[in-house]
Participant: 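Quick one: the structure is below, and I'll ask about it shortly.
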Amino acid sequence: MKAKEQVILVARKDPQEQEERFQSSLEELQSLTETANGEVCKVITQNRDRVHPATYLGQGKLEEIKEAADEIDADLVIFNDELSPGQLRNITDRIERRVIDRSQLILDIFAGRARTKEGKLQVELAQLQYLLPRLAGQGTELSRLGGGIGTRGPGETKLETDRRHIQRRIDDIKTRLNTVVKQREQYRKRRKENMAFQIAIVGYTNAGKSTFFNRVTESESFEEDLLFATLDPLTRQMSLPSGFQALISDTVGFIQDLPTTLIAAFRSTLEEVSEADFIIHMVDASHPDHIQQERTVLRLLEELEAGHLPILTVYNKKDLLNDDFIPNIHPSLTVSVHDRIDIKRILDKVEGVLKEEWHEYDLFLPASDGKLLQQFKKYSMITSLQFLEEKEGYALHGFIHPEHPLKHQIL
């Protein structure tokens with residue numbers, strides 16, 4: 001196991017910012033640092049109205065950071081905000097230590113987590129776009145290959161080459177990603193044509209999405225108590241309790257202040273969410289800041305134009321709660337996704353929410369119409385099915401999506 005890097009965290013608090021949000025952002029930075037195998041030795045904060053255009057913080061504060069870094073022999077200083085190329089250069093000169101910002105830290109974690117070809121390409125694109133304007137002045141740093149947090153991924157081999165090479169690589173990745181995006185669009189189009197019902201699991205990073213996904217699809221996607229354990233979207237088939245077939249997608253975890261280059265790079269992945277018919281929003285109920293995390297996810301859903309979709313909020317990790325938990329959004333459930341009974345409760349609730357949105361129907365089908373009966377079983381939620389001997393056929397009662405083509409079979 002590689003020795004942990006000794007890290008100092010630095011954060012500026014705007015006087016307008018709520019103390020609660022500031023603290024939660026700082027705690028998150030600490031978790032991110034630990035996820036990247038860093039050890040936080042010291043946290044330095046400053047209340048400051050405006051960012052200093054050249055050095056982000058004032059001279060006195062930079063002196064304090066330098067002294068602290070010398071005293072504890074820190075390897076790295078991480079700033080909680082995104083630094084401009086000029087600020088990064090000037091701060092590095094003043095404190096004579098490696099300096100990265102929150103965005104670079106998140107990109108670094110993503111580089112270590114990407115599993116599929118697409119995921120790796122998306123992360124590399126985001127890293128290169130982030131690094132291009134910051135190349136000048138990082139000359140000495142860039143030659144230190146594989147030098148710890150903030151240098152993983154493309155950093156290990158490509159960063160000492162010039163801008164032209166990086167620009168060419170960016171263009172090349174964009175071309176390759178376009179092919180992947182087109183394939184994804186084809187899959188989506190085919191799913192729409194087949195009227196496949198799509199459920200997307202969304203939520204803050206480490207809320208339990210992959211665990212739930214694995215339980216309902218009986219698959220083996222990567223699940224671990226880590227930030228950003230899932231980067232690559234997975235889609236599998238599943239059955240709801242009525243027998244209704246749906247497709248379910250596990251998506252990348254959200255986080256406060258995700259770097260813009262990352263949101264852009266993961267656009268096609270995140271579009272799985274906006275193409276869904278139903279959203280399960282997984283929340284870690286045991287997290288002290290879960291309300292802020294909920295808001296972050298809902299804001300991102302709005303940005304992805306998915307805010308209008310029917311949504312069920314699942315408050316997970318009830319086994320870690322000490323107090324009575326009061327949900328703040330409805331419809332919702334409080335569960336532990338490790339509990340089989342709770343998994344069934346979630347699926348029942350999904351059907352319950354859909355029944356309110358869908359069209360209720362009664363239908364008689366002759367026994368000879370077996371093919372049509374199978375279609376109703378697959379594409380609608382049948383709540384009762386009786387064989388009527390005297391009529392030689394089936395009486396169905398159920399619910400169907402208002403726009404499903406099968407609806408015209410119902411008189």
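Numbering starts at 1 and runs along the sequence shown.
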Participant: So, for Asn90 and Ala54, which heavy atoms are closest and what is the spacing to 0.1 Å?
Facilitator: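 Heavy atoms of Asn90 and Ala54 come nearest at ND2-O, 2.9 Å.
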Participant: Do Asp289 side-chain atoms and Ser24 backbone N/O form a donor-acceptor pair below 3.5 Å?
Facilitator: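 No.
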Participant: Run Ser249 and Gln198 through side-chain hydrogen bond (donor to acceptor under 3.5 Å, both in side chains) and show every step you take.
Facilitator: CA-CA 8 Å; Ser249 299; Gln198 189 78 25; 3.0 Å; yes
Participant: Answer with yes or no whether the side chains of Gln87 and Thr55 bring together a donor and an acceptor at under 3.5 Å.
Facilitator: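 Not at all, the side chains of Thr55 and Gln87 share no donor-acceptor pair under 3.5 Å.
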Participant: Could you check whether atom NZ of Lys13 has more than 12 heavy atoms from other residues, nucleotides or ligands sitting under 6.0 Å from it?
Facilitator: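 Atom NZ in Lys13 is packed in, count exceeds 12.
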Participant: Look up atom CG in Leu312 and atom NE2 in His330, then write down how far apart they are to the nearest 0.5 Å.
Facilitator: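 Reported to 0.5 Å precision, the distance equals 12.0 Å.
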Participant: Without swapping roles, check the side chain of Thr33 against the backbone of Leu29 for a donor-acceptor pair under 3.5 Å.
Facilitator: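 Flag set: sc Thr33 to bb Leu29 pair under 3.5 Å.
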Participant: Are the side chain of Arg97 and the backbone of Ile65 linked by a donor-acceptor contact shorter than 3.5 Å?
Facilitator: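 Absent.
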Participant: Just wondering, are more than 12 heavy atoms of other shown residues or ligands nearer than 6.0 Å to NZ in Lys355?
Facilitator: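 Enclosed.
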Participant: Closest approach of Gln409 and Leu363, non-hydrogen atoms and distance?
Facilitator: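 Heavy atoms only, the tightest pair is O-CD1, 3.8 Å.
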Participant: Tell me whether Arg102 is salt-bridged to Glu28, with the criterion being a basic N under 4.0 Å from an acidic carboxylate O.
Facilitator: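 Yes.
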Participant: If you apply the rule side-chain contact (heavy atoms from CB on, under 4.5 Å), what do you find for Val314 with Ser332, and how did you get there?
Facilitator: CA-CA 6 Å; Val314 175; Ser332 72; over 6 Å; no
Participant: Test His287 against every option in Glu27, Gln293, Gln292 by the side chain to side chain donor-acceptor pair (under 3.5 Å) rule and name the one that passes.
Facilitator: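 Option passing the side chain to side chain donor-acceptor pair (under 3.5 Å) with His287: Gln293.
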Participant: Arg12 vs Thr45, test: side-chain contact (heavy atoms from CB on, under 4.5 Å). Steps then yes/no.
Facilitator: CA-CA 6 Å; Arg12 176 191 75 95; Thr45 62; over 6 Å; no
Participant: Evaluate the side-chain hydrogen bond (donor to acceptor under 3.5 Å, both in side chains) criterion for residues Glu82 and Ser103: first the C-alpha distance (whole Å), next the side-chain angles of each, then the deciding distance (0.1 Å), finally the verdict.
Facilitator: CA-CA 6 Å; Glu82 193 163 307; Ser103 295; 2.6 Å; yes
Participant: So which atom in Val337 and which in Gly208 form the shortest heavy-atom distance, rounded to 0.1 Å?
Facilitator: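 Taking Val337 first and Gly208 second, the nearest heavy atoms are CG2-O, 4.1 Å.
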Participant: Using the rule given for salt bridge (Lys or Arg N to Asp or Glu O under 4.0 Å), can you reason through Arg98 versus Glu5, listing the C-alpha separation, both sets of side-chain angles and the distance that settles it, and then say yes or no?
Facilitator: CA-CA 11 Å; Arg98 226 155 46 82; Glu5 284 185 78; 2.9 Å; yes
Participant: Do the side chain of Thr383 and the main chain of His397 share a donor and acceptor less than 3.5 angstrom apart?
Facilitator: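 Confirmed, Thr383 side chain pairs with His397 backbone.
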Participant: Between Lys61 and Glu64, does any NZ, NE, NH1 or NH2 come within less than 4.0 Å of an OD or OE carboxylate oxygen?
Facilitator: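 The answer is yes: the pair qualifies as a salt bridge.
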Participant: Taking Asp70's backbone N and O only, do any of them form a donor-acceptor pair with Lys66's side chain (distance below 3.5 Å, no angle check)?
Facilitator: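 A pair under 3.5 Å: no.
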Participant: Under a 3.5 Å threshold, yes or no: a donor from one side chain and an acceptor from the other, between Tyr315 and Asn328?
Facilitator: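 Distance-only check fails for Tyr315 and Asn328.
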Participant: Would you mind checking if Lys318 and Asp342 are paired as a salt bridge, meaning a charged N to carboxylate O distance below 4.0 Å?
Facilitator: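 Yes, this pair counts.
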Participant: So, are Asp172 and Arg169 salt-bridged, with charged N and O less than 4.0 Å apart?
Facilitator: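 Yes, this pair counts.
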Participant: By the definition side chain to side chain contact (heavy atoms under 4.5 Å, CB included), identify the one residue from Asp348, Ile341, Leu347 that meets it with Lys344.
Facilitator: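 By the side chain to side chain contact (heavy atoms under 4.5 Å, CB included) criterion, Lys344 pairs with just one of Asp348, Ile341, Leu347: Asp348.
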Participant: Decide side-chain hydrogen bond (donor to acceptor under 3.5 Å, both in side chains) for Asp73 and Gln6; before the verdict, give the C-alpha distance in whole Å, the side-chain angles of both, and the deciding distance to 0.1 Å.
Facilitator: CA-CA 8 Å; Asp73 196 20; Gln6 303 302 298; over 6 Å; no
Participant: Okay, side chain of Lys349, backbone of Pro331: is any donor-acceptor separation there less than 3.5 Å?
Facilitator: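 Side chain of Lys349 to backbone of Pro331: no pair is present.
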Participant: Report, as yes or no, whether the 6.0 Å neighbourhood of atom CD on Glu20 holds more than 12 heavy atoms from other residues, nucleotides or ligands.
Facilitator: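 Not more than 12 within 6.0 Å, no.
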Participant: Indicate yes or no for a side-chain donor-acceptor contact from Asn316 to the backbone of Met282 under 3.5 Å, with no hydrogens or angles considered.
Facilitator: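 Checked: no pair found.
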Participant: Using a strict threshold of under 4.0 Å (side-chain N to carboxylate O), is an ion pair present between Asp250 and Lys209?
Facilitator: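 Asp250 and Lys209: not salt-bridged.
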Participant: Is it true that His290 and Phe325 have ring centroids separated by less than 6.0 Å?
Facilitator: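 Between Phe325 and His290, which both carry aromatic rings, the centre distance is below 6.0 Å.
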Participant: In this structure, which one of Phe197, Tyr379, Phe399 forms a ring pair (Phe, Tyr, Trp, His ring centres under 6.0 Å) with His404?
Facilitator: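 Testing each of Phe197, Tyr379, Phe399 against His404, the sole residue satisfying ring pair (Phe, Tyr, Trp, His ring centres under 6.0 Å) is Tyr379.
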Participant: Of all the heavy-atom pairs spanning Ala276 and Leu309, show the shortest one and how long it is.
Facilitator: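 Result for this residue pair: O-CD2, 3.3 Å.
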Participant: Is it the case that more than 12 heavy atoms not belonging to Glu403 sit under 6.0 Å from its CD atom?
Facilitator: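 No, because the 6.0 Å sphere around CD of Glu403 holds 12 heavy atoms or fewer from other groups.
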Participant: Under 6.0 Å between ring centres: does that hold for Phe376 and Tyr361?
Facilitator: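 Between Phe376 and Tyr361, the centre distance is under 6.0 Å.
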Participant: Answer whether the closest heavy-atom distance between the side chains of Val283 and Tyr204 falls below 4.5 Å.
Facilitator: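 No; the side chains remain at least 4.5 Å from each other.
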Participant: Quick one: does Val10's side chain get under 4.5 Å of Val43's, heavy atoms only?
Facilitator: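 Sidechains of Val43 and Val10: no contact.
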Participant: Might you work through the side-chain contact (heavy atoms from CB on, under 4.5 Å) test for Leu62 and Ile91, ending with a clear yes or no?
Facilitator: CA-CA 7 Å; Leu62 290 181; Ile91 294 168; 4.2 Å; yes
Participant: Is it true that Gln245 and Ser239 share a donor-acceptor pair across their side chains at a distance under 3.5 Å?
Facilitator: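 There is such a pair between these side chains.
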Participant: Ignoring hydrogens and angles, tell me if any N or O in the side chain of Asn37 forms a donor-acceptor pair with the backbone of Lys4 under 3.5 Å.
Facilitator: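 No, the answer is negative, given that no donor and acceptor are paired below the 3.5 Å cut-off.
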Participant: Would the number of heavy atoms belonging to other residues, nucleotides or ligands and lying under 6.0 Å from CD of Gln59 be above 12?
Facilitator: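 Enclosed: over 12 neighbouring heavy atoms sit under 6.0 Å from CD of Gln59.
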